[in-house]
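Just below is one structure, and these are the notes that go with it.
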Protein chains: 4
Amino acid sequence: MTQTHALPAFALDPAEQEQMHQLYRTLHAEPELSMQEHRTAERIEGILDELGVEHFRCGGTGVVGLLRNGPGPVVAFRADTDGLPIAEQTGLAYASTARGRLEDGTDVPVMHGCGHDTHVASLVTATRLLLRERQRWSGTVVLIFQPGEETAAGARAMVADGLWDRAPRPEVVLGQHVSPDQAGTARLSLGPAMAMADSLRVRVPGRQTHGSQPQNGRDPIVAAAAMVTRLQTIVSRELAPQDPAVVTVGTFHAGLKENIIPAEAEFTVNVRTLTPEVREKVLAAVRRIIRAEAAGADLEEPEIREIYDFPLNHNHEATAQTVLEALRGSLGEEQVTESGPQMGSEDFGWLGASIGVPTVFWFFGGTADGDPEGPVNHSPHFGPVMEPTLSTGVTAALASLLHWVGQTD
Amino acid sequence: MTQTHALPAFALDPAEQEQMHQLYRTLHAEPELSMQEHRTAERIEGILDELGVEHFRCGGTGVVGLLRNGPGPVVAFRADTDGLPIAEQTGLAYASTARGRLEDGTDVPVMHGCGHDTHVASLVTATRLLLRERQRWSGTVVLIFQPGEETAAGARAMVADGLWDRAPRPEVVLGQHVSPDQAGTARLSLGPAMAMADSLRVRVPGRQTHGSQPQNGRDPIVAAAAMVTRLQTIVSRELAPQDPAVVTVGTFHAGLKENIIPAEAEFTVNVRTLTPEVREKVLAAVRRIIRAEAAGADLEEPEIREIYDFPLNHNHEATAQTVLEALRGSLGEEQVTESGPQMGSEDFGWLGASIGVPTVFWFFGGTADGDPEGPVNHSPHFGPVMEPTLSTGVTAALASLLHWVGQTD
Amino acid sequence: MTQTHALPAFALDPAEQEQMHQLYRTLHAEPELSMQEHRTAERIEGILDELGVEHFRCGGTGVVGLLRNGPGPVVAFRADTDGLPIAEQTGLAYASTARGRLEDGTDVPVMHGCGHDTHVASLVTATRLLLRERQRWSGTVVLIFQPGEETAAGARAMVADGLWDRAPRPEVVLGQHVSPDQAGTARLSLGPAMAMADSLRVRVPGRQTHGSQPQNGRDPIVAAAAMVTRLQTIVSRELAPQDPAVVTVGTFHAGLKENIIPAEAEFTVNVRTLTPEVREKVLAAVRRIIRAEAAGADLEEPEIREIYDFPLNHNHEATAQTVLEALRGSLGEEQVTESGPQMGSEDFGWLGASIGVPTVFWFFGGTADGDPEGPVNHSPHFGPVMEPTLSTGVTAALASLLHWVGQTD
Amino acid sequence: MTQTHALPAFALDPAEQEQMHQLYRTLHAEPELSMQEHRTAERIEGILDELGVEHFRCGGTGVVGLLRNGPGPVVAFRADTDGLPIAEQTGLAYASTARGRLEDGTDVPVMHGCGHDTHVASLVTATRLLLRERQRWSGTVVLIFQPGEETAAGARAMVADGLWDRAPRPEVVLGQHVSPDQAGTARLSLGPAMAMADSLRVRVPGRQTHGSQPQNGRDPIVAAAAMVTRLQTIVSRELAPQDPAVVTVGTFHAGLKENIIPAEAEFTVNVRTLTPEVREKVLAAVRRIIRAEAAGADLEEPEIREIYDFPLNHNHEATAQTVLEALRGSLGEEQVTESGPQMGSEDFGWLGASIGVPTVFWFFGGTADGDPEGPVNHSPHFGPVMEPTLSTGVTAALASLLHWVGQTD
């Protein structure tokens, strides 16, 4: 069974495919940082205008399209739009050379290192096909182009900006994410889908002095290094081995000159958990260890600020089962597997949780040969093969959407 | 015995003192980073022009003045001119708000955090007095306004640029540094004066991945934290307790985003030692530990680059004894103490070592109450009291110089 | 449904129950270390003699009983017999005050800290009931009282000593273990049941010296402490969060006097994993880290010796399903749950794997109130409540055995 | 100048030398642990009896001899008598195979690993010569054979047992110690001679559990390893590089079985410092770090007990100068050097400090070739060459004693 067999009327013709590829290359070459997706939003608005789809801005750089096509169910589909501060090293012809500015003003390279460009290209193309075949279905599709996923800011910003007051409330919110799996496949969990994530920013106060006079200062680098080292014991010693959790220190910055013991060190902690109990335990341990190490180093208490928290993404089981079947029907029985929860996180869940509507989220592969050692999301080498990655994204979007708004023929 | 008794003819009158204070405030407010002391050099050149002192540029932003005053000995005196990348927090009316750019392009605040502005103001003022009282001495004073002390680049740059081909060779090279001691006092070692310093830049190569998938990457932050932690054992376990040494990690930078395990971490190590044997032992241990920790973390071998090395500053004993007596004669017997070696470092020694001429270097206090817990050099709070700090610097410079070029009356 | 409903003819009368409790108290009070279970073996032999059950010694302190009861299937049931070097702190009237000697000659307290006494008491009592009701079943039950489970030595010793040449080959080998769950309940996995375990003994060679002269020695305690610290990163950084694994350092011994830096340190590492891939990865990382830390500390390469390895205990799925049903039939539907794999380990699996026969292993609770914070196996406070713990062990043994050798009425 | 020239009348004849060597070999082969020197005390008493020297027991296993020889000054000389829990590996024909029992009952090997046997043999032989040449001097020599130096218990025990009530009060108390320097040489400080030493025993309370269930316990080994690691920062980061100090963890013991996370870990800390200020700072930091690491690991507060403290041994400067000259007069000008303070410690100082009498303490070499990499005190390979080590010890004792009680011819 092939994709064209599954949804024959919705198959892309060569011109449409080339149009999609062209869009993808452009998006990939011009990534923007979270909540700063201005050109991306304008590009999407331009396409929706061209397609004649009603749309509105929401949450700053978010765009919502309303594909009204007669009576029938309302279903929403979300694609996230932001890139990451990574210096791309894929060597692709359309690799990014873009730069952006972090909140603190730092100038950084930007890359679509998590593959959100495939999400946008797939949803735009699915929209194009839904319009071409509008006689085959009936109902309303809410197209959510969401900014700021990487910082957990976008979904909340859209909801806060009245997303569900301005768009009709759907029966379900759907979403998908490219993964390092074999292109042409998909996988989906019938329960917890993606981990909770909490990020903390820790400022370790030392006392600055000349590098040759440690006795006159308080070394925040040695203290912060001890914190990083001791944080490892949370996963290794405090949790049950069967309770998956991750504690990552993703940044560590201190000092401007090698012969000065600096006044402070700053690092960030990213925590992934699957249950509220484990989450509470890990977050408490992170704080306990940081405070204790500061006391051990005779420092004042570090400042620990929450940067964001991602909710658990839980696929509504019965709904997810119908999506699983729809995906298998279109991508092939063996191409779609049921999987357990991932440690990655998403703010996708807020889009449904905020109005009590079920959500379903799945992954589609982007790697030519499914190399298990190949680059993964957030690697500077992560570059999905265009095909069958994008066609699979389109087919999966269509199959799941049509499950609700029906194929009328 | 007071300063005015010691060198009565060279006493500053109120106008001269105010002129000196004004110069100091200006220098303090406009610090420049190492080897970028362009405005400072121009300011010094302007004053020398005004005083009618012959001068030339040397080593980029270095300035050499030649105070020729009849036959007699040649003696050199050095003042260093550079500031540091520190955000000043002294609260002084003339505090710096200047910014500069590090070699890697980073924009940073700049501060005269090591007090080099006192050195310049003192030497300029001593010059002014030597000119006023030129009938009282005979010989040549070589005024060396040296850039780039903090990076160990300036003395070498001046020597390489022909300093001693363009200036007459002196019998001795003198220099002084402000310290957190009681203002009005000085101290001097009759042997090793300041430690050797070596700085290394370490790049720890990891493998970038998503923060939720540590198994797919190699975490360079955890590895570098282990390096920092283990480097502590060099001083605590590998050296004899009586062998002073310092191993400071002054900077640690890794990562741009809390949910990405970054591709690398970078830190710098600053090593202070007093003998070649201990220096070799410490540097070998630093390299051994860094390599071993990388191997333990399954990383590739880190790149370790030497940033600079400062020589041992050794005061020629007999010469230092004569300076000690000259300082005691002018500042007062009890105000000048003999001290052991300092762990701070200086590239001052090159100025004499490069031509086989003895050097003598001493410290003069800059703290009103000599608070032992007060701010020290390289602290963002380090701000010497103007008086008697500057007058002491002037007196010490004059007393030591006149020891060679004689007081003819 | 209650136990008496399930196996009414096999219910214990009060005298039989008191006999079982008396045996349990005696076993509990007189634990012996692994492969030294001499009195325990003699006690079991005495009971088998009294019951008229044929038996033979096997593997030193192992005892095998052959309960031949007419034609029919052969099924084996194993109870392990050894205690642990723990100082009992349960406060029980029958608490152990026994002592034993480790292989290296160290005199230590001994305790039935893992509950093997409940296994022996349950199997002996089940045997007693099978004999009383011998008209109700037909076949052969092989009773395996196995020594040395805690050191992974016993099962191999029995197989090597000809267990399966001397006893008839069974269709299945059954076994059970007391756990900190609610007494009266059982749980069983339909697949991997217990983790692989590997233990290593690490000798870290230092160089002995006076405690005041670290520079003249090599400190093995600081190096071994670094190893312990860095081993935490295997679980926290090198494995997928969903791959359960444990790396425990259970012992650490170095030095006899506080003012001597000792010649060596010794510690042991215990590794738990569920798949061969993860096992290989963890063991390689343990060795890599230990070697690297020794290199970092300028030590010679540590000696790493394997103490033992426990196999994966995998419940044969179809067979386990029949046991699950048998247990539910006797203990009650809700009392018996299906569970995932445990990180604990067992050499039980060898008894079946050595002859290609399926094995099934389950847990029965031993805690009055199932306190999730209560003492667990290997705690000095671990003391199962006698009832319904022992009755549950007897019922579970009977139910599973009778599934094979039939209840003929 | 040779020893025989220096003190010709006091030269040993071959028979006396052989007698000394025989005594040394016997002492070396039969070391005893601190405060258990029963046979050693009896052996010394036997010799004093044979020589007709009045003596008394003091402080348990201490022996005091009173060599009264007419009117004149009183001077005391101390030799310490205890061995160490070390397994001798010198390969000497007279190597120790003795064993002893630590306070906690542990059976351990014992060795004269600090060379106290050379002290006893030297003082006994000097006594023999003083008696043979009793016409050449006049006064009283108090011979102090002190037990328990290694545990800082002996000097206090003797003073508490009325040493100075029972022996005449001396003008000075002298003492010497063998060192890894070239045999035939001596060195002496004209000021602080040996460091203060403080020893602490730390009990880290964990929570015992099965090695596969870290989440159910609290791992005291990982916590204690962190403490050991972090203690390194006291010397490396908290002290001025010019302030010598040592923080050694000499013992670390935890756990009996590799698959049990034990209930506690215990380690000892030995601290060496030269000034009360640094001592207070280091001890406070040790306690601060231990408590903080326990808090970080969610453990209860560790118990920290003081084992002992050694006082600073300060040589009275003027008195030491006279001893220096006496030693140079007898051993040769170039053989005796002035040195700075040692980080080793001694309870010797109490013998004088308790009655306000000056003390002088020096070192005499014991190594054939003065190999700077050779074994040092407390090494299992430490075995002084008999000659000229012992003759030097005798000569130094005689020279210093005779300085006070005069050579009357």
Side-chain angles (χ1 to χ4, degrees), chain A residues 84-86 102 106 108 113-114 150 180 195 197 199-201 207-214 216-217 219 221-222 224-229 232 246 248-263 265 267-270 272 307 342-345 373 376-381, chain B residues 84-86 102 106 108 113-114 150 180 195 197 199-201 207-214 216-217 219 221-222 224-229 232 246 248-263 265 267-270 272 307 342-345 373 376-381:
Chain A
L84 282 163
I86 299 179
L102 297 181
T106 314
V108 292
C114 202
E150 297 288 350
S199 282
L200 305 170
R201 184 173 303 278
R207 191 161 80 191
Q208 185 162 324
T209 189
H210 194 284
S212 69
Q213 303 173 13
N216 291 322
D219 190 328
I221 292 180
V222 169
M227 291 171 191
V228 171
T229 301
Q232 307 307 312
V246 183
T248 285
V249 173
T251 68
F252 187 130
H253 292 283
L256 286 173
K257 187 117 179 58
E258 72 297 325
N259 67 351
I260 303 174
I261 295 175
F267 63 90
T268 54
V269 186
N270 185 250
R272 310 280 169 149
I307 308 178
Q342 306 299 301
M343 299 313 291
S345 298
E373 297 289 309
V376 300
N377 305 58
H378 289 208
S379 160
H381 302 285
Chain B
L84 282 163
I86 298 178
L102 297 181
T106 314
V108 292
C114 201
E150 296 289 349
S199 282
L200 304 171
R201 184 173 302 279
R207 191 161 80 191
Q208 184 163 325
T209 188
H210 194 284
S212 69
Q213 303 173 13
N216 291 321
D219 190 329
I221 291 181
V222 169
M227 292 172 191
V228 170
T229 301
Q232 307 308 312
V246 183
T248 285
V249 174
T251 68
F252 187 130
H253 293 282
L256 287 172
K257 186 118 178 57
E258 73 298 325
N259 67 350
I260 302 174
I261 294 174
F267 63 91
T268 53
V269 186
N270 186 250
R272 309 279 168 150
I307 308 177
Q342 306 299 301
M343 299 313 292
S345 298
E373 297 290 309
V376 300
N377 304 58
H378 288 209
S379 159
H381 301 286

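Please read these numbers as outputs of a predicted model, since none were measured by experiment. Per chain, numbering begins at 1; letters A, B, ... match sequence-line order.
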(message) Within the structure provided, determine whether A:Ile260 and B:Ile86 are in side-chain contact (heavy-atom separation under 4.5 Å).
(response)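 Side chain of A:Ile260 against side chain of B:Ile86, heavy atoms only: contact under 4.5 Å found.
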(request) Answer yes or no: is there a side-chain heavy-atom contact under 4.5 Å between B:Thr251 and A:Leu256? (result) no
(request) Fit a plane to each ring of B:His253 and A:His253, take the angle between them on a 0 to 90° scale, and name the class: parallel (under 30°), tilted (30 to 60°) or perpendicular (over 60°). (result)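 Aromatic pair B:His253/A:His253 classed tilted.
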Counting distance only, does the side-chain N/O of [X] pair as donor-acceptor with the main-chain N or O of [Y] below 3.5 Å?
X	Y	answer
B:Glu258	A:Val249	no
A:Gln213	B:Val376	no
A:Thr248	B:Gly211	yes
A:Lys257	B:His378	no

Tell me, side chain or backbone of [X] under 4.5 Å from chain B's heavy atoms, or both, or neither?
X	answer
A:Ala263	neither
A:Leu84	side chain
A:Pro380	both

Count the heavy-atom pairs under 4.5 Å between each of [options] and chain A, then report the option with the highest count.
options	value
B:Ser345, B:Pro262, B:Ala225, B:Ser212	B:Ser212
B:His381, B:Met343, B:Gln342	B:Met343
B:Leu200, B:Thr106, B:Thr209	B:Thr209

To the nearest 0.5 Å, tell me how far [X] [atom1] sits from [Y] [atom2].
X	Y	atom1	atom2	result
A:Ile221	B:Thr268	CD1	OG1	7.0 Å
A:Ser379	B:His210	OG	NE2	12.0 Å
B:Asn270	A:Asn259	CG	CG	5.5 Å

(request) Would you mind telling me which of A:Gln232, A:Met227, A:Arg201 has the largest number of heavy-atom pairs within less than 4.5 Å of chain B? (result)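 Most heavy-atom pairs within the cutoff with chain B belong to A:Gln232.
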(message) Testing the basics here: between A:Thr229 and B:Ala226, what is the closest heavy-atom pair and its distance to 0.1 Å?
(response)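 Smallest interatomic distance, heavy atoms only, reads OG1-N, 4.5 Å.
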(message) Can you give me the closest heavy-atom contact between B:Pro214 and A:Val246, atom names plus distance?
(response) CD-CG1, 3.9 Å
